Participant: 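Please see the structure below; I have some questions.
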Amino acid sequence: MAMRDQLAEAVHQATVAVAAREGLDLEIRADQVHLERPANREHGDWSTNIAMVSAKKAGTNPRALATLLVAELEAHSPDHVTSVEIAGPGFINFSLDGGWLHDALAELLTTGEENYARPDVGHGEKVMVEFISANPTGPIHVGNGWWGSYGDALARVLARAGYQVTREYYVNDTGGQIRTLGLSLLARRAGEPVPEGGYQGEYLASLAPLYDGPEDVTAAGRWAAEHILEGIKATLESVGIVFDEWYSQASIEESGAVDETIALLAEKGLVFEQDGATWFRATELGDVRDRVLRKSNGDATYLAGDLAYHRNKFLIRGFDRVIDVFGADHHGQVASLMAGVEALGVAPGQLEVKLGQMVSLVDGDEAVKMGKRAGTAIDLDTLVADIGPDATRILSLMSTLDQATTFDLASVREQSSENPVYYVQMASARIGGMARKAGEKSVKRRELSEVDLSLLTHDRELELLRCLEELPEVVADAAIDRLPTKITTWVRRLAGLFHGFYHDCPILADEVDPDLAQARLWLVEATRIGLAIGLGLLGVSAPEAM
RNA sequence: GCCCCUGUAGCUCAGCGGAUAGAGCGUCGCCCUCCGGAGGCGAAAGCGCAGGUUCGAGUCCUGCCAGGGGCACCA
């Protein structure tokens, strides 16, 4: 059992015993016991605030309650606990001997890369993460890459945390924009100027001569969209983003699902006709205005298709939960989507919408404007060619989705050695280098059962162990909070601790005690596993050499 | 005007309601007969403002100020 759980159980037992003996109101479940690792080592290895949060209800004061609990805990403390003390306003601090960390190390090593840090917080819940879903009217830009990294890493984290995950890209391959795309393509093919409001991008110019279909704007548009989508797919694969499904909007419309969805809303009295259009009474469900579902020209609106699509996700395909990742520029559609989905009978909360704030780039002193509207968006392809896929992924996962970020291309490119990705990958490469060196020296790891891990007592070793021991909880927190960024933070911390260990704790040097070297070799292996898991969740490679 | 996000070190960003707020870059000092110095050690430097909730607030709530994004029969 994990140390945290052992301590939580012990604290729980202590509250039960004290409550019974003193007649205090102290009802609390073991999984409600809050335990944390104090930042300051003088406060012990673990700490609980239970006396402070329970004192008022129990009709006593924190320190008095803590005193009772500590007496109980001293009599019945888990293995490795060396002292239980009251500190500050009523914290109960546990100090442990190093054995708990050696146990944790053995646990990690026997569990292995495949199975370590797989906290089951999802309980097999079927969740879809829909992300990117950029219109196939042009190459995807850096913002898409940023939000895409988020969606992909979130999917990886959720999968590791016990969710059954599907990654989906919704392809907007229908409607007016496809006709516009077709119009632009045909104009390009005929050597005519692209009409106003059309797509001016160079990618269409190179695509146009390849089109040998009819002079039909829809046919031409679909053809172009398909080709552009292939490019998008290739770009995404280059940064390790792969989808389970590419779901076609046209297929939704052609299936009649849009009409069915509108009919369903109509049954609930939420649809009306006005000015030749069909409207959704979204204001009934908290939206700021009513919304058009079918335009007066007969086309379904994006919203109508999106509602049919979400009905399909929840009610047809049976996802328990859907997480949509959009750019902040799509904020305006969230309220009506939420209203519509609720009207279709999906419980609020089953649909989560994550909005990625804008990403801006600077190149040295020069600002690089983003956004399709400005027409100066940087293609993701261009960025990846510039700084590489690993740097792209880790940079995009260093800040949270909510934070509008700016980053300097020049600092990543020209001073590439200063790039954070190298700091982390250097740790991985050093481990690889050490393995090669060990091979040269014919040093082999002995069986774990024959190695004395308790020889690991150096501060550098213990700090590294503490970090590795936290990974399962970090994965759980990242999944629950939908914050893959927490993995990035952890990986960087692990890399930093490894560099310190590497600096101060030689293994293959001549004067090192062979038994200690063996224990250290296993600690290195554990670090390798931790890095592999962490970087794997981020979609960043863990190179054995650089 | 309304809605969403953000304001933490000179810059770019982390930070589970906990006890002395972290990292990278930049600045200033150290450490290479040592398994990869793309490293390590140290220094200076910070929570926009004002209230509130709480035993405890960078974190939660309200207001203000500032920045970004959104308010279509476009997607």
Side-chain angles (χ1 to χ4, degrees), chain A residues 34 36-40 42-43 47 49 51-53 55-56 61-63 87-91 93 133-135 137 172 174-178 180 197 249 274-279 288-289 291-297 299 301-303 305-306 327-335 355-358 360 362 371 395 398-408 411 415-423 425-427 429-438 440-441 443 473-474 477 480-481 485-486 488-489 492-493 496 499-500 502-509 512 517 520 524 545-546:
Chain A
H34 181 77
E36 61 187 271
R37 303 169 175 82
N40 184 341
E42 289 172 17
H43 296 139
S47 177
N49 62 1
M52 290 180 287
V53 297
K56 184 172 278 187
N61 68 73
R63 289 194 66 103
F91 288 104
N93 294 339
S133 301
N135 297 335
T137 53
N172 299 327
T174 181
Q177 61 166 354
I178 291 298
T180 304
Q249 182 176 357
Q274 187 181 305
D275 303 331
T278 304
W279 294 70
V288 293
R289 61 187 304 166
R291 307 282 176 175
V292 172
L293 293 169
R294 193 169 289 289
K295 304 182 224 172
S296 49
N297 72 358
D299 276 359
T301 59
Y302 181 83
L303 173 63
D306 212 15
D329 52 341
H330 289 68
H331 162 64
Q333 72 197 49
V334 175
L355 295 177
Q357 297 300 316
M358 295 296 159
S360 39
V362 294
L395 283 169
M398 291 225 310
S399 56
T400 58
L401 254 206
D402 287 341
Q403 178 71 245
T405 59
T406 305
F407 86 100
D408 187 353
S411 76
Q415 309 169 40
S416 63
S417 62
E418 310 301 344
N419 186 315
V421 74
Y422 291 92
Y423 185 80
Q425 292 190 322
M426 180 65 191
R430 278 181 152 172
I431 291 172
M434 204 177 288
R436 286 187 292 276
K437 190 81 179 179
E440 287 167 21
K441 293 194 151 196
V443 175
E473 285 170 58
V474 171
D477 288 346
I480 291 165
D481 299 336
T485 310
K486 289 184 184 237
T488 318
T489 304
R492 296 178 70 199
R493 185 156 60 92
H499 287 310
Y502 182 90
H503 186 267
D504 287 350
C505 301
I507 297 174
L508 300 172
V512 181
R520 286 178 173 170
V524 171
M546 288 172 70

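Throughout, a chain's letter reflects where its sequence line sits, starting with A, and its residues are numbered from 1. Because the structure is predicted, anything quoted here is derived from the model rather than measured.
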Participant: Quick one, A/V524 and A/M434 - any side-chain contact, counting heavy atoms below 4.5 Å?
Facilitator: yes
Participant: Evaluate the side chain to side chain contact (heavy atoms under 4.5 Å, CB included) criterion for residues A/L355 and A/L401: first the C-alpha distance (whole Å), next the side-chain angles of each, then the deciding distance (0.1 Å), finally the verdict.
Facilitator: CA-CA 7 Å; A/L355 295 177; A/L401 254 206; over 6 Å; no
Participant: How long is the line joining CZ of A/R430 and C1' of B/A38, in whole Å?
Facilitator: 9 Å
Participant: Rounding to an integer number of Å, can you tell me how far A/R492 CZ sits from B/A38 P?
Facilitator: 19 Å
Participant: Tell me what A/T405 touches on the nucleic acid: a base, only sugar-phosphate, or nothing, going by heavy atoms under 4.0 Å.
Facilitator: sugar-phosphate
Participant: Can you tell me, in whole Å, how much space there is between the C1' of B/G10 and that of B/U59?
Facilitator: 25 Å
Participant: To the nearest angstrom, how far is A/H499 atom NE2 from B/C31 atom C1'?
Facilitator: 17 Å
Participant: If I pick the P atom on B/C28 and the same atom on B/U33, what distance separates them, to the nearest angstrom?
Facilitator: 24 Å
Participant: Respond yes when some side-chain nitrogen or oxygen of A/Y423 is under 4.0 Å from OP1 or OP2 of B/G40, and no when none is.
Facilitator: yes
Participant: Which listed nucleotide (B/A14, B/C55, B/G36) is nearest to the side chain of A/T400?
Facilitator: B/A14
Participant: Around A/E42, counting heavy atoms of other residues, nucleotides and ligands shown, do more than 12 lie under 6.0 Å from its CD?
Facilitator: no
Participant: Could you measure between the two C1' atoms, the one in B/A75 and the one in B/C71, and give it in whole Å?
Facilitator: 15 Å
Participant: Under a 3.5 Å cut-off for both distances, is B/A50 Watson-Crick or wobble paired, and to whom?
Facilitator: B/U62
Participant: Rounded to the nearest angstrom, tell me the gap between atom CG in A/D481 and atom C1' in B/A14.
Facilitator: 14 Å
Participant: Could you pull out the closest heavy-atom pair between A/M52 and A/P89, with the gap in Å?
Facilitator: SD-CG, 3.6 Å
Participant: Check the pair A/H43, A/F91 against side chain to side chain contact (heavy atoms under 4.5 Å, CB included), reporting the backbone distance first and the verdict last.
Facilitator: CA-CA 9 Å; A/H43 296 139; A/F91 288 104; over 6 Å; no
Participant: Could you work out the separation of B/G58 and B/A9 based on their C1' atoms and round it to a whole Å?
Facilitator: 14 Å
Participant: Within this structure, what is the NE2-to-P distance between A/H330 and B/A72, rounded to whole angstrom?
Facilitator: 14 Å
Participant: Whole-Å distance between B/C3 C1' and A/R291 CZ?
Facilitator: 11 Å
Participant: If I take atom CD from residue A/Q274 and atom CH2 from residue A/W279, how far apart are they, to the nearest 0.5 angstrom?
Facilitator: 6.0 Å
Participant: As an exercise, state the distance from CG of A/D299 to OG1 of A/T174, rounded to the nearest 0.5 Å.
Facilitator: 7.5 Å
Participant: Base, sugar-phosphate, or nothing: which does A/A328 touch, judged by heavy atoms less than 4.0 Å apart?
Facilitator: sugar-phosphate
Participant: Indicate whether OP1 or OP2 belonging to B/C55 is found under 4.0 Å from a side-chain N or O atom of A/K56.
Facilitator: yes
Participant: Starting at the 5' end of RNA chain B and moving along, which residue's nearest nucleotide shows up first, A/R37 or A/M398?
Facilitator: A/M398
Participant: Considering every strand and a 4.0 Å limit on heavy-atom distances, what is the contact class for A/K486: base, sugar-phosphate, or nothing?
Facilitator: sugar-phosphate
Participant: Within the 3.5 Å criterion, strictly below it, is a donor on A/N172 or A/Q177 matched to an acceptor on the partner's side chain?
Facilitator: no
Participant: Mind checking who B/C28 pairs with, Watson-Crick or G-U wobble, both distances under 3.5 Å?
Facilitator: B/G42
Participant: Base, sugar-phosphate alone, or nothing: which one does A/Q333 contact when heavy atoms must sit under 4.0 Å apart?
Facilitator: base
Participant: Send over the distance from A/Q274 CD to B/C73 P, rounded to a whole Å.
Facilitator: 11 Å
Participant: Without decimals, in angstroms, what is the distance between A/Y302 OH and B/A72 C1'?
Facilitator: 15 Å
Participant: Both distances below 3.5 Å, Watson-Crick or wobble geometry, any strand: find the nucleotide opposite B/G22.
Facilitator: B/C13
Participant: Report the C-alpha distance between A/V443 and A/K437 in whole Å, list the side-chain angles of each, state the deciding distance to 0.1 Å, and finish with yes or no for side chain to side chain contact (heavy atoms under 4.5 Å, CB included).
Facilitator: CA-CA 8 Å; A/V443 175; A/K437 190 81 179 179; over 6 Å; no
Participant: Assign A/A545 to base, sugar-phosphate, or nothing according to its heavy-atom contacts below 4.0 angstrom with the strands shown.
Facilitator: base
Participant: Would you mind building the protein contact string for nucleotides 4-9 of chain B? One character per nucleotide, 5' to 3', B for base within reach (heavy atoms under 4.0 Å), S for sugar-phosphate only, - for untouched.
Facilitator: SSS---
Participant: To the closest 0.5 Å, what do you measure between CD (A/E473) and CD (A/E36)?
Facilitator: 11.5 Å
Participant: Go through it in stages, so that I can follow the logic: the residues are A/Y423 and A/R492, the test is side chain to side chain contact (heavy atoms under 4.5 Å, CB included), and I'd like the CA-CA distance, side-chain angles, deciding distance and then a yes or no.
Facilitator: CA-CA 8 Å; A/Y423 185 80; A/R492 296 178 70 199; 5.5 Å; no
Participant: Can you check the distance between B/U8 and B/A66, where both ends of the measurement are the C1' atom (answer in whole Å)?
Facilitator: 15 Å
Participant: Heavy-atom nearest nucleotide on RNA chain B for A/S399 versus A/P506: which residue maps closer to 5'?
Facilitator: A/S399
Participant: For A/R289, which contact category applies under a 4.0 Å heavy-atom criterion: base, sugar-phosphate, or nothing?
Facilitator: sugar-phosphate
Participant: Looking at B/G37, which nucleotide sits across from it as a Watson-Crick or G-U wobble partner, both distances under 3.5 angstrom, or is there none?
Facilitator: none
Participant: Is any side-chain N or O of A/Y502 closer than 4.0 Å to OP1 or OP2 of B/G39?
Facilitator: no
Participant: Please write out each protein N/O paired with an N/O of nucleotides 18-21 of chain B under 3.5 Å, distance rounded to 0.1 Å.
Facilitator:
unit_1	atom_1	unit_2	atom_2	d
B/G18	N7	A/N49	ND2	3.1
B/G18	O6	A/N49	ND2	3.3
B/A19	N6	A/S47	OG	2.7
B/A19	N6	A/N93	OD1	3.0
B/A19	N1	A/N93	OD1	3.3
B/A19	N1	A/N93	ND2	3.1
B/U20	O4	A/N40	ND2	2.7

Participant: Take atom C1' in B/G22 and the same atom in B/G15, then report the distance between them in whole Å.
Facilitator: 7 Å
Participant: Please determine whether any donor N or O and acceptor N or O are separated by less than 3.5 Å between the side chain of A/S296 and the base of B/C73.
Facilitator: yes
Participant: Measuring from A/T488:OG1 to A/L395:CG, what's the distance to the nearest 0.5 Å?
Facilitator: 10.0 Å
Participant: When the C1' atoms of B/A57 and B/A50 are considered, how many whole Å apart are they?
Facilitator: 15 Å
Participant: How far, in whole Å, is B/G17 from B/C60 if one measures between their C1' atoms?
Facilitator: 8 Å
